[in-house]
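Predicted model only: the values in this text are computed from it and were never measured.
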Amino acid sequence: MTLLSVNLNKIAVLRNSRGGNEPSLARAAHTCIEAGCGGITVHPRPDQRHIRPDDVRLLAQLLRGRVEYNIEGNPFAPPRGEYPGLVALAREVRPTQITLVPDSDGQITSDHGFDLDRDADRLAPLVAEFRELGCRVSLFVDAGTVQFEPAVRIGAQRVEIYTGPYAHAFASGHVDAELARCVETARRAQQAGLAVNAGHDLSQANLGTFKAAIPGLAEVSIGHALIGEALYDGLAPTVRRYRQILD
């Protein structure tokens with residue numbers, strides 16, 4: 001079964017646009033869990049444009065013993081203001097999974113994965129530290145990546161395929177080439193002993209095709225499309241529809 005992890009960043013964006021505590025991240029997480037999701041994802045950034053450190057801590061208390069907690073982030077981003085850094089947050093809350101992403105403040109959203117040949121040695125001590133904390137470690141990679149020895153060597157347990165190009169190709173009606181790149185990346189990662197996650201711009205429209213093409217897909221993390229669709233149809237019904245697609 002492929003786990004559905006709901007990314008709550010966009011709930012935090014809406015809250016932050018007005019100030020205060022509404023809409024409530026805690027209520028959103030509870031609603032998603034009750035509707036059948038298997039995990040909650042957040043991606044705190046140093047500029048705190050959406051998820052804040054206190055949100056990370058609040059959700060850790062809410063989710064413990066209920067569903068998977070996946071925290072995404074750039075492990076190289078230094079502390080800034082109230083943001084203590086990804087390692088420090090992991091020490092505090094001990095999430096189920098840490099997904100390492102090479103993003104920066106200038107990016108509206110994550111838009112590329114690690115170059116494993118180039119980045120592995122730099123990532124190695126951080127992967128070791130996260131694993132010592134009891135976190136499963138996943139590395140964000142581009143579709144088309146086929147060499148996973150560096151990821152295995154430094155102790156990563158999963159990769160997450162960046163599916164933005166696949167989603168854009170699907171919308172254009174010319175999906176075959178991008179889907180084939182994702183399939184090959186998943187196959188090569190699994191052959192290397194890594195489990196495969198996926199995320200970015202996955203939606204109700206394109207998720208079924210992607211899931212059917214990748215046997216053994218461990219997890220998908222979906223936020224932007226899911227929250228957008230929920231504006232029209234409601235959060236719980238939308239989560240249930242995603243769960244039905246994955247089932």
Checklist entry - Between the main-chain N or O of A218 and the side-chain N or O of T2, is there a donor-acceptor pair closer than 3.5 Å? => result no

Next on the checklist: Quick check: is V141 connected to I71 through a chain of hydrophobic side chains (ILVMFWY, heavy atoms under 4.5 Å apart)?
Outcome noted: yes

Checklist entry - Can we say D233 and R240 salt-bridge, meaning some charged N sits less than 4.0 Å from an Asp/Glu carboxylate O? => result no

Checklist outcome for this item: The residue among E160, E72, Q157, E219 that forms side chain to side chain donor-acceptor pair (under 3.5 Å) with Q97 is E219

Checklist entry - For the atom pair CG (L246) and CZ (R243), what is the distance rounded to the nearest 0.5 Å? => result 4.5 Å

Checklist entry - Any idea which heavy atoms bring I98 and P95 closest together, and the distance? => result CD1-CG, 3.7 Å

Checklist entry - Between E229 and R241, is there a salt bridge with N-O shorter than 4.0 Å? => result no

Checklist entry - ring-ring contact (aromatic ring centres under 6.0 Å, His included) with Y242: which residues, sequence neighbours excluded? => result none

Checklist entry - According to a 4.5 Å side-chain heavy-atom criterion applied to Ile, Leu, Val, Met, Phe, Trp and Tyr, with indirect links allowed, do F76 and L89 form part of one hydrophobic cluster? => result yes

Checklist entry - How close do N16 and H50 get, heavy atom to heavy atom, and via which atoms? => result ND2-O, 3.0 Å

Next on the checklist: Between L8 and D55, does the side chain to side chain contact (heavy atoms under 4.5 Å, CB included) criterion hold? Intermediate values first, please.
Outcome noted: CA-CA 10 Å; L8 297 182; D55 297 327; over 6 Å; no

Item to check | Criterion side chain to side chain contact (heavy atoms under 4.5 Å, CB included) on I222 and V6, from CA distance to verdict | outcome: CA-CA 5 Å; I222 304 177; V6 178; over 6 Å; no

Checklist entry - If every non-hydrogen atom of A186 is compared with every non-hydrogen atom of I214, which pair is closest and at what distance? => result CB-CG2, 3.6 Å

Checklist entry - Looking at residues at least two apart in the chain, or sitting in another chain, which of them share a side chain to side chain contact (heavy atoms under 4.5 Å, CB included) with T96? => result E68, Y69, R136

Checklist entry - V196, L194: one ILVMFWY side-chain cluster at the under-4.5 Å cut-off? => result yes

Checklist entry - With the threshold set at 4.0 Å, does a side-chain nitrogen-carboxylate oxygen contact exist between R80 and D47? => result no

Item to check | salt bridge (charged side-chain N to carboxylate O under 4.0 Å, His left out) pairs, two or more places apart, involving residues 188-208 | outcome: E184-R188

Checklist entry - Going through the checks in order, is the side chain to side chain contact (heavy atoms under 4.5 Å, CB included) test met by L235 and I227? => result CA-CA 7 Å; L235 185 54; I227 299 304; 4.1 Å; yes

Next on the checklist: To check you understand the geometry: which heavy-atom pair defines the closest contact between N7 and S221, and what is its length?
Outcome noted: CB-OG, 4.2 Å

Item to check | Shortest non-hydrogen contact between A35 and A236, atoms and distance | outcome: CB-O, 3.6 Å

Next on the checklist: Is there a path of hydrophobic side-chain contacts, each under 4.5 Å between heavy atoms, that joins V159 and V152?
Outcome noted: yes

Show me, pair by pair, the donor-acceptor contacts under 3.5 angstrom made by side chains of residues 19-30, not counting sequence neighbours?
residue: S24; atom: OG; partner: A26; partner atom: N; Å: 3.3
residue: S24; atom: OG; partner: R27; partner atom: N; Å: 3.0
residue: H30; atom: ND1; partner: R66; partner atom: NH2; Å: 3.4

Checklist entry - Linking I/L/V/M/F/W/Y whenever any side-chain heavy atoms sit under 4.5 Å apart, do Y83 and V87 land together? => result yes

Checklist entry - What's the verdict on side chain to side chain contact (heavy atoms under 4.5 Å, CB included) for R52 and R15, showing C-alpha distance, side-chain angles and the deciding distance? => result CA-CA 11 Å; R52 300 166 177 163; R15 176 201 62 191; 3.8 Å; yes

Item to check | A198 versus T163, closest heavy-atom pair with distance | outcome: CB-CG2, 3.9 Å

Next on the checklist: For R181, give me all partners under side chain to side chain contact (heavy atoms under 4.5 Å, CB included), at least two apart in sequence or on another chain.
Outcome noted: A143, E178

Side-chain donor/acceptor pairs under 3.5 Å, residues 124-132, sequence neighbours excluded:
residue: E129; atom: OE2; partner: R91; partner atom: NE; Å: 3.4
residue: E129; atom: OE2; partner: R91; partner atom: NH2; Å: 2.6
residue: R131; atom: NH1; partner: G155; partner atom: O; Å: 2.8

Checklist entry - Mind checking whether F140 and F114 have ring centres under 6.0 Å apart? => result no

Checklist entry - Would you find more than 12 non-hydrogen atoms of other residues, nucleotides or ligands less than 6.0 Å from E82 atom CD? => result no

Checklist entry - With a 4.5 Å heavy-atom cut-off, do I161 and H200 have their side chains touching? => result no

Next on the checklist: Salt bridge or not between R57 and D54? Use side-chain N to carboxylate O under 4.0 Å.
Outcome noted: yes

